[in-house]
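Working notes for the structure below.
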Amino acid sequence: MKHLSGLDATFLHLETPEMPMHVGSLNVLDLPKGYKGDFYEDAKQFMASRIHLADVFTRKLALMPFDMSNPVWVEDEDIDLDYHVRHITLPKPGTNRQLQQYVARLHSTLIDRSRPMWEFFIIDGLKSGQVALYTKVHHAGIDGQAGVEVGKAIFDLEATGRVVKPPRSRPRNHNYQLGMAELATAALRNTAQQYVKLFKMAPAIARAISGLAKPDEKAAEKATATAPKKFNLFAPRTSLNVSITNQRTFAGRTISLAETKYIAKHFGVSLNDVVMATVAGALRHYLADNNELPAKPLVAGVPVSLREAGDDTANNQASMILVSLATDITDPIQRLKAINASSNSSKSTMNRFKAVILDDFPTFAAPWLVSGIASMVGRSGLVNLLPPAANVAISNVAGAPFPMYFAGALVTCYYPVSIASHGTALNVTVQSYNGRMDYGLIACRRAVPDITEIGDYMLAEHKLLMELTQKHPSAAGVTAPRPAAVAAHAPDVEESAPAAKKPAARKKAAVSAAVKKPAPVKAAAKKAPAKKAAKPAPIKTTAKPATRKAAPAKRASASRAAAA
């Protein structure tokens, strides 16, 4: 058996029917040319030969007596692949929006805790002739970076695949669950070890806290210079910060990785800063549509990996920082720089604590206590009254920079599907893959019924930032991405090419880049004509979209009716 760490188990304890705590991904696959087989059966056979390569596929939970301690992972000797790998056919016409809506529905259901906590769905019926792979795995056993490692077990670099050595045969003990006495003894032993570990780390924790109380002068000067001028203890309340239901809505959008890197280098910020600025600009427009944009800046909760280089353990090793999205700033460039300053300040603080942050801690009686509190907070409406710590969750995961294959089919996209939570109804997770930045937007459908509009605004914001790189001086040695390089991985025009500056309020949901072959993006390759004016005109944001006539309640009703 293997004990769950305190952090891993927290994802179990916080889970409620309204707030499933699993993560996943949506991949659209190009079948081999001339393929005539049954891809579902091929995929199931393929998984049967690979599940031993990652622990997450073969282990299940063993609960402790009376839930007095965290459960443990045990090996499952009887894995039912017909349950874990399933087949779905979309109704005609099989559009990409139908696919995304079905994924949202699948993502809203809890995973069976009596089995290994993963499910794969092979989805066909797409009008493009492609098939989709939707995966979900419980967050208790995996974080974003560990998910990349699991991907290495099921994806190949060539369509022909690789030779995988079968697992060694092991004697079966025919135990469905461990005995009560064995589990109780293991719980007491693990709790004692956790307290000993905490006691040993106490001096280091004390030094880190005292370091914050009495920082050195140079660090204080640097923090003062880079810290944002406007940052509040709590984030402003918005329509995104409410108690959620178990209904989900999902949208995927694609932006060129080469263009994103170019924007980051041009303005001297990180790639993650550009991602946050893209989301910030989109949310600024989205909330302004209904006069909901708060005067105070929105705040993003951003996961930070604590994983050491080379560590591919399938568990959670992450913490969270808060970053101002500077949505109170009109100028997109100044907003980007303010996000960079806030991010650097938060990372600096995190780095001082990183070595003493515990991912394993004593959790005696935590399962029933934390679960009860989570259920009470979500259903009592208390979240609707308390000030939120963050308005939106934004995460960026580095993926494979090369094409991959699943069961002989080419993976064309890698959209993450993450977690919406009470108080943070919208989660934006980004995965880089083969020259793309695939954005996965998951949200509570009642809180964010028109999630496709946020996706369209993100594309418009990216286009605006690209245009501004042509009007402002760049850092030394930065060159624009070559048209051929961008075109090679450019998103599909219908969904993922930069949208107009003013997306229509009721514009039909665009089709995903993953379902069609990439088309060149020409906007990034053009150069703006030289200006004669000695002094550049003030930067203006995109035109503010016309205020929609429908009130928020009516807007939600209309969207639900359309979805039905």
Side-chain angles (χ1 to χ4, degrees), residues 24-30 87-109 121-136 247-255 282 286 289 411-418 420 425-431 436-460 462 490-500 503-519 548 550 555-564:
S25 64
L26 172 62
N27 309 109
V28 176
L29 313 175
D30 282 341
H87 178 217
I88 292 172
T89 299
L90 292 177
K92 292 182 179 180
T95 64
N96 189 65
R97 187 60 196 148
Q98 284 179 291
L99 172 64
Q100 294 181 353
Q101 288 174 327
Y102 211 109
V103 166
R105 194 173 304 130
L106 293 172
H107 205 66
S108 68
T109 59
F121 295 83
I122 303 299
I123 307 174
D124 56 26
L126 289 167
K127 64 180 182 181
S128 64
Q130 297 168 299
V131 296
L133 168 67
Y134 162 66
T135 68
K136 68 178 182 180
Q247 301 176 35
R248 294 290 178 269
T249 182
F250 174 76
R253 294 292 185 270
T254 297
I255 291 174
Y286 176 77
D289 279 353
V411 178
T412 66
C413 66
Y414 210 124
Y415 292 112
V417 191
S418 194
L426 173 64
N427 182 303
V428 181
T429 302
V430 189
Q431 175 108 16
R436 305 160 53 102
M437 294 285 284
D438 286 337
Y439 285 69
L441 292 77
I442 188 77
C444 170
R445 188 173 68 88
R446 289 193 177 184
V448 191
D450 38 13
I451 196 170
T452 56
E453 291 185 15
I454 300 179
D456 291 340
Y457 280 131
M458 284 170 41
L459 301 178
H462 171 77
D492 183 79
V493 174
E494 280 190 327
E495 179 199 23
S496 302
R506 292 299 172 201
K507 184 178 179 181
K508 185 178 179 182
V511 180
S512 171
V515 182
K516 296 188 177 181
K517 292 185 178 180
R548 291 177 284 183
R555 177 182 68 187
S557 299
S559 297
R560 288 195 294 272

Do [X] and [Y] come close enough that some side-chain heavy atom pair is under 4.5 Å?
X      : Y      : answer
Ile255 : Val430 : no
His107 : Tyr134 : yes
Tyr415 : Val103 : no
Thr452 : Arg253 : yes
Leu441 : Val448 : no
Arg248 : Cys444 : yes
Val131 : Leu126 : no
Asp289 : Tyr457 : yes

In Å, rounded to the nearest 0.5 Å, how long is the span from [atom1] of [X] to [atom2] of [Y]?
X      : Y      : atom1 : atom2 : result
Tyr102 : Ile88  : OH    : CD1   : 4.0 Å
Lys92  : Gln98  : NZ    : CD    : 12.0 Å
Leu99  : Phe250 : CG    : CZ    : 8.5 Å
Leu133 : Ile122 : CG    : CD1   : 5.0 Å
Thr429 : Asp438 : OG1   : CG    : 12.0 Å

| note | What one should report as the nearest heavy-atom pair of Gly125 and Thr89 is CA-CG2, 4.2 Å

| request: Identify the heavy atoms of Tyr439 and Met458 that sit nearest to each other, and give their distance. | output: CD2-CE, 2.9 Å

Return yes if some donor-acceptor pair links the side-chain N/O of [X] with the main-chain N/O of [Y] below 3.5 Å, else return no.
X      : Y      : value
Thr249 : Pro449 : no
Lys136 : Val417 : no
Asn27  : Val411 : no

| query | Yes or no on side chain to side chain contact (heavy atoms under 4.5 Å, CB included) for Lys127 and Thr95, after CA distance, side-chain angles and deciding distance? | reply | CA-CA 6 Å; Lys127 64 180 182 181; Thr95 64; 4.1 Å; yes

